[in-house]
A.B. asks: 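Please see the structure below; I have some questions.
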Amino acid sequence: MSVNEIQHPLIQHKLGLMRAQGVSSKDFRELASEVGNLLTYEATRHLATEVVEIEGWTGEPLNIKKIKGKKITVVPILRAGLGMLDGVMKLIPNAKISVVGLYRDEDTLQPVAYFDKVVSDVQMRTALIVDPMLATGGTLIATIDLLKSKGCENIMGLFLVAAPEGIEAVQSIHPDVDIYTASIDDHLNEKGYILPGLGDAGDKIFGTR
Ligand SMILES: O=P(O)(O)OC[C@H]1O[C@H](OP(=O)(O)OP(=O)(O)O)[C@H](O)[C@@H]1O
Ligand SMILES: O=c1cc[nH]c(=O)[nH]1
Ligand SMILES: [Mg+2]
């Protein structure tokens, strides 16, 4: 498993704006999408390419590079993952989308699964899980369990913010999954919120509460 904290100035600048007290839902949503886009650029850096011959604009044969072999399915985790989805899809518009729905029980902090619609050929694809927050890791572990139970073997996750506790939990159970995040934050508080974190990302994206 590789854990990648992306230090790009654009990502750090945009994430900093998201952390401000009183940030509007409109700004938070736009920034979540933009950082999701930039994280996708980083996470796809190592996709294999192959050379194929085409007819170039002069009519002469020309060798170009195309992304090779395995295709991607993007896996947004409802609800908050939807806030990053359009930014991700702008870079990989032909990817299939596998939606999963889980929420974290506020008292037990355990993930509760309520929906999944995973593409039928997920075993032939790289899954790119998308969620703003990796806190205790329970939601991510449950999502990876689901994808693996359907035969998916290549899994990556994109997160705006990740807690060290959650990364460690995921690493101990799913050491093969690569993580890309804009920030590994400090710690979880007693309610399982990431500090300094972003607060409740789902509520900010959807304007609830
Ligand atoms: O790592 P964990 O401790 O499992 O917590 C992370 C999960 O919590 C948040 O979702 P939430 O339960 O708030 O659902 P929502 O997206 O519907 O707001 C977040 O978007 C992750 O899915
Ligand atoms: O800090 C956190 C932890 C879980 N879910 C969130 O939205 N924020
Ligand atoms: Mg939430």
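Both backbone and side-chain heavy atoms feed into the values below; hydrogens, waters and symmetry mates do not. Note that ligands are numbered from 1 as they come in the structure, with each ligand's atoms numbered from 1 the same way. Residues: numbered from 1 along the sequence shown.
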A.B. asks: Could you enumerate the protein N, O or S atoms under 2.8 Å from the Mg ion (ligand 3), written like residue then atom name?
C.D. replies: Asp200 OD1

A.B. asks: Is any side-chain heavy atom of Met84 closer than 4.5 Å to a side-chain heavy atom of Pro132?
C.D. replies: yes

A.B. asks: What is the closest protein heavy atom to atom 5 (O) of ligand 1, and at what distance does it sit?
C.D. replies: Arg104 CD, 3.4 Å

A.B. asks: Short list, please: which atoms of ligand 1 are under 4.0 Å from a heavy atom of Gly202?
C.D. replies: 18 (O)

A.B. asks: I want to check something: taking the side chain as every heavy atom from C-beta on, are Val99 and Leu78 in contact at a cut-off of under 4.5 Å?
C.D. replies: yes

A.B. asks: Heavy atom under 4.0 Å from ligand 1: found in Asp131's side chain, backbone, both, or neither?
C.D. replies: side chain

A.B. asks: Counting C-beta onward and ignoring hydrogens, is there a side-chain heavy-atom pair between Leu160 and Met18 closer than 4.5 Å?
C.D. replies: yes

A.B. asks: For Gln12, is the CD atom crowded, meaning more than 12 foreign heavy atoms sit under 6.0 Å from it?
C.D. replies: yes

A.B. asks: Any N/O of Asp203 closer than 3.5 Å to an N/O of ligand 1?
C.D. replies: no

A.B. asks: Is it true that atom CD of Glu5 has more than 12 heavy atoms of other residues, nucleotides or ligands lying nearer than 6.0 Å?
C.D. replies: yes

A.B. asks: In this structure, does ligand 1 have an atom that sits under 4.0 Å from one of the heavy atoms of Gly137?
C.D. replies: yes

A.B. asks: Let me confirm one number: the CE-OG1 distance from Met133 to Thr139, rounded to the nearest 0.5 Å.
C.D. replies: 11.5 Å

A.B. asks: Taking side chain as C-beta onward, heavy atoms only, is Asn37 less than 4.5 Å from Lys14?
C.D. replies: no

A.B. asks: Could you tell me whether Ala135 and ligand 1 have an N or O pair separated by under 3.5 Å?
C.D. replies: yes

A.B. asks: Below 4.0 Å from any atom of ligand 2, which residues have a heavy atom? Give them in chain and number order, please.
C.D. replies: Arg104, Met133, Ala135, Gly192, Tyr193, Ile194, Gly199, Asp200, Ala201

A.B. asks: Is there side-chain contact between Ile129 and Leu147, with heavy atoms separated by less than 4.5 Å?
C.D. replies: yes

A.B. asks: May I ask you to list the atoms of ligand 1 that are less than 4.0 angstrom from any heavy atom of Ala80?
C.D. replies: 16 (O), 20 (O)

A.B. asks: Residues in salt bridge (charged side-chain N to carboxylate O under 4.0 Å, His left out) with Glu42, at least two apart?
C.D. replies: Arg45

A.B. asks: In ligand 1, which numbered atoms sit nearer than 4.0 Å to a non-hydrogen atom of Tyr103?
C.D. replies: 12 (O)

A.B. asks: So, the side chain of Thr181 versus the backbone of Phe159: is there a donor-acceptor pair under 3.5 Å, distance only?
C.D. replies: yes

A.B. asks: When you measure from the heavy atoms of Leu140 to every atom of ligand 1, does any distance fall below 4.0 Å?
C.D. replies: no

A.B. asks: When you measure from atom 7 (C) of ligand 1 to every protein heavy atom, which one gives the shortest distance, and what is it?
C.D. replies: Thr139 OG1, 3.6 Å

A.B. asks: Does OH belonging to Tyr103 count more than 12 external heavy atoms closer than 6.0 Å?
C.D. replies: no

A.B. asks: I'd like to know whether NZ of Lys96 has more than 12 heavy-atom contacts from other residues, nucleotides or ligands below 6.0 angstrom.
C.D. replies: no

A.B. asks: With a cut-off of 6.0 Å (strictly less than), are more than 12 heavy atoms of other residues, nucleotides or ligands near CD1 of Ile67?
C.D. replies: no

A.B. asks: For Thr136, is at least one N or O under 3.5 Å away from an N or O on ligand 1?
C.D. replies: yes

A.B. asks: Can you report which non-hydrogen protein atom sits closest to atom 18 (O) of ligand 1, along with the distance?
C.D. replies: Arg79 NH2, 3.0 Å

A.B. asks: Protein heavy atoms near atom 21 (C) of ligand 1, is at least one of them under 4.0 angstrom away?
C.D. replies: yes

A.B. asks: Can Leu78 be said to touch ligand 1, with heavy atoms closer than 4.0 Å?
C.D. replies: yes

A.B. asks: Decide if atom NE2 of His13 counts as having more than 12 heavy atoms of other residues, nucleotides or ligands within a radius under 6.0 Å.
C.D. replies: no

A.B. asks: Evaluate the 4.0 Å heavy atom contact test for atom 15 (P) of ligand 1: does a protein atom fall under the cut-off?
C.D. replies: yes

A.B. asks: Under the rule for salt bridge (charged side-chain N to carboxylate O under 4.0 Å, His left out), what residues qualify as partners of Asp203, not counting sequence neighbours?
C.D. replies: Arg79, Arg209

